[in-house]
Amino acid sequence: SACDAFCVLGPAAAGSVPALVGELEKFQDDWDFCWAAADALGCIGPEAKVALPLLSHMQRHPSQLVQKRATLAIRRINGESPEQSEGEEG
């Protein structure tokens, strides 16, 4: 998927962040897309800061998987170690 490609590209996919955020806003009911998009934004890292408000909103998503992936993405975008979320359960 495109989200997988963004993860492989990492920061090099920064130019795709606005489109990815736009698609995430439109398809919040597609849980598989939501967690994949959150992963992609996290892989892009600090260049995806524009997505932080939407990812914060996604932390209240009905899917616990989406919530966890959004939290992980926020940490990665903020430059925090993703391992900090390993012990969290929810």
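Treat the numbers as computed from the prediction; the structure is a model and nothing was measured.
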Residue list, salt bridge (Lys or Arg N to Asp or Glu O under 4.0 Å) with Glu23, at least two apart or on another chain: Lys26

Hydrophobic cluster identity match, Leu54 and Leu72, side-chain contacts under 4.5 Å: no

Val50 side chain near Pro18 side chain, heavy-atom distance below 4.5 Å: no

Residue list, side chain to side chain contact (heavy atoms under 4.5 Å, CB included) with Cys43, at least two apart or on another chain: Cys7, Arg76

CD1 on Ile77 to CG on Leu41, rounded to 0.5 Å: 5.5 Å

Set of residues satisfying side chain to side chain contact (heavy atoms under 4.5 Å, CB included) with respect to Ala13, sequence neighbours excluded: Phe6, Leu9, Ile44

Within residues 34-55 or reaching into it, pairs that qualify as side-chain hydrogen bond (donor to acceptor under 3.5 Å, both in side chains) - sequence neighbours excluded: Asp32-Trp35, Asp39-Arg69

Residues that Ser63 engages under side chain to side chain contact (heavy atoms under 4.5 Å, CB included), provided they are two or more places apart: Trp31, His61, Leu65, Val66

Minimum heavy-atom distance between Cys3 and Ala40, given as atom pair plus value: O-CB, 3.7 Å

Residues which pass side chain to side chain contact (heavy atoms under 4.5 Å, CB included) with Ala70, listed by chain and number, not counting sequence neighbours: Leu55, Met58, Gln59

